[in-house]
Structure formats: C-alpha cells, structure tokens
Amino acid sequence: MKICWFDDMKFGIVENDQVADVSAALESLPAPIYPAANGDLLMANLDTVLAAAKPLLAGAVRKPVSEVKFHSPSANPSKIIGVPVNYLKHVEEAEADKAAFTDRYAGGVIDQGLFLKANSALVGNSAGLTIRFPDRRTDHEMELGVIIGKIASQVREEDALDYVAGYTIALDFVVRGPEDRSFRKSCDTFAMVGPWMVTADEIDNPDALDISLAVNGEIRQQSNTSSMIIDIRQQISWASKFYTLYPGDVIMTGTCEGVGPVKAGDVLHCEIQNIGSMDVAVNV
Ligand code: MN
C-alpha cells in the first residue's frame, strides 16, 4: 500500500495513479498528549489507521497523482539519519575531487559513522528545493529512504527489517564546504522525502532496487541498492546500537555516484523501482 500526506495535510492512499482521501481514518488515532512521545503518531499506529482506511477506499474522493501536492510521508520523525559514503563509486568520486568534497570523505562508512540532519529540513517534493547559498555548490544526493515503524533498540541484523514501516524516495541535499556535515545538510528543504511511503510488505528486498535521478531530463545518478557498502539491515542494527529508533524516523541510506550541483530553475526527476517517482523544482 502507498500512503501519503497531501494538499492541506489530508491523509491518502495511492492507487492506480490516483490519491484516495482517507483522512477520516485518522479518527482512529489516539488523542495527542503533551509533551508528545518521541516519534510520529501515524507511524506508531499505522496498522490501526490502515485498518480504518481500507473500508473508506470504495467511497473515497480521488484526485490524479499529477494534481496533488505531496508532503513528507513521515510528518514528525524524532530524527533523520544519514549514511555517508555508502556506495563504492561515490567514495571514489569524492576522493577524486577533494576540492569539492573535502578530506572528511576519507575512510569508509564504518570509520565515519552515521550523521543526523535537522528535522526542520524535512519536506515533501511539492515544497521544492530552496537554495540557500547560490554562490556555493549545492548537490543532489539521491537515496532510498527507510521509515521506521516500531521502537528499535539494540536490534540484531537478522531482525532489523521487522522494524521498517516502509520505503520512500529521499534526497539528501547538501552545501559543499568545510563545515560539519550535519550543518551543511540541514538547510530548510534539504531533507526531501516522498512522494509517498510504500509499506514494507510490498518490498520483498530493499537491497535490490534500481535507483535513478535526472536533472532537466538528463540522467545523473543511476545505480541499484545492491551496491551499498552496508545494507539496510546493517544500517538499522548499527544505528539502534547508538540510539533508539522511533516510529517515523527516516534513514537516508546513502547516495550512489553521480552527485552534482543543482541551480535555480532545474527540475529533478527521481525514480526508485517498486516505489515510484517524483519531480522536484529548484528555487532560490
Ligand atoms: Mn547522503
């Protein structure tokens, strides 16, 4: 099932290039309390909400996907986790251009550890990318996004996929330069997730998905998630040894080779096999 937030924060299920408005299913959510628990309320109660949504589908108001404004399918993650230098060919391109990528790319993902992006950077593709520093290099990084569905702490690799709610397209935008990675990757709109989440039951093997990004119609990034240095299970297990993962947490699983600069006026087209596609406008 493909689930989404759309337009003025309606809750939808995507079927056959149409979005069905099943917002009434949100009445099955527990009332929010303050201070709120860590994590995303919808993802923490996904099974309940989907059970309430299914009977609504037959009578739901529908809109074509092309006419819908999509927001991040995880509305309130407790954190957005990034996996650096996780495709060998991206490691090689970064090491070959230290002027742009700096020396911090030396060493593999295990040496570097995971990083975090500010939650305030999170948007769906309808927001577009806003370039903050037009005189510096801002790059696209096309990635498979993993959305956590259950509280996960110290989980074993063999159990790790049991903690996944679903998969999505993620863009880990970054300003190149000398500052700390989390700073340069946390500008508003720099954590883009969407257009929807495909529930985990529909993705048999997240470590074998074709992934691509085009800029103005020209393919720039093209790979398969099988080329990751550490796979999805390892990422979840490793992350959960350092901190608890909460429902709604997003893991941006690393970019393949072909990262490059974007400028105002560009349109990005992103695709991941069995998930879908999304277009992203670039603004200043
Ligand atoms: Mn990245």
Side-chain angles (χ1 to χ4, degrees), residues 72 74 77 79-98 100-123 125 129 131-132 136-148 167-194 206-207 209 211-215 220-232 234-236 238-239 249-262 268 270-272 275 278 280 282:
S72 170
S74 179
K79 53 193 164 301
I80 302 166
I81 298 162
V83 184
V85 288
N86 197 27
Y87 286 74
L88 188 59
K89 287 181 180 168
H90 174 56
V91 176
E92 290 168 356
E93 74 182 351
E95 287 182 342
D97 185 5
K98 290 202 168 131
F101 289 89
T102 77
D103 262 343
R104 73 163 44 81
Y105 283 77
V109 54
I110 295 296
D111 294 330
Q112 299 228 357
L114 304 172
F115 65 91
L116 297 176
K117 292 168 75 83
N119 289 4
S120 49
L122 180 68
V123 290
N125 65 305
L129 169 71
I131 290 181
R132 283 290 178 118
R136 293 179 61 175
R137 178 171 155 175
T138 297
D139 280 7
H140 55 77
E141 292 192 358
M142 170 71 191
E143 314 197 357
L144 174 66
V146 174
I147 299 178
I148 296 296
Y167 301 92
T168 185
I169 299 173
L171 283 162
D172 173 21
F173 289 112
V174 55
V175 182
R176 297 292 170 206
E179 303 96 334
D180 187 82
R181 196 182 251 127
S182 69
F183 193 50
R184 292 179 292 105
K185 290 186 168 229
S186 288
C187 299
D188 292 359
T189 75
F190 276 35
M192 193 173 290
V193 175
D207 294 308
L209 301 175
I211 181 167
S212 70
L213 175 143
V215 180
R220 296 281 177 82
Q221 296 195 264
Q222 194 161 38
S223 189
N224 185 283
T225 56
S226 61
S227 294
M228 287 185 191
I229 294 168
I230 61 167
D231 65 16
I232 309 295
Q234 290 172 282
Q235 293 175 30
I236 292 168
W238 191 28
D249 282 2
V250 176
I251 304 176
M252 295 193 173
T253 58
T255 192
C256 60
E257 68 277 15
V259 305
V262 293
L268 314 183
C270 310
E271 282 191 35
I272 299 183
I275 294 177
M278 68 180 188
V280 179
V282 182

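Indexing begins at 1, ligand by ligand and atom by atom, following the structure's order.
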Distance, nearest 0.5 Å, that separates NE2 of His90 from CE of Met228:
12.5 Å
Which value, rounded to the nearest 0.5 Å, describes the distance between Phe173 atom CZ and Cys187 atom SG?
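Phe173 CZ to Cys187 SG: 11.5 Å, rounded to 0.5 Å.
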Smallest heavy-atom separation, His140 atom then Pro261 atom, equals CD2-O, 4.5 Å
Work out which heavy atom in Trp238 is nearest to a heavy atom in Gly113; give both atom names and the distance.
CH2-CA, 3.5 Å
Between Lys117, Glu179, Arg132, which is the residue that forms a side chain to side chain contact (heavy atoms under 4.5 Å, CB included) with Arg184?
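Testing Arg184 for a side chain to side chain contact (heavy atoms under 4.5 Å, CB included) against Lys117, Glu179, Arg132 leaves exactly one candidate, Glu179.
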Can you find a heavy atom in the side chain of Val280 that is under 4.5 Å from one in the side chain of Leu171?
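Counting from C-beta outward, Val280 and Leu171 do come under 4.5 Å.
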Mind listing the protein N/O/S atoms less than 2.8 Å away from the Mn ion (ligand 1)? Waters don't count.
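Checking every protein N, O and S atom gives Glu141 OE1, Glu143 OE2, Asp172 OD2.
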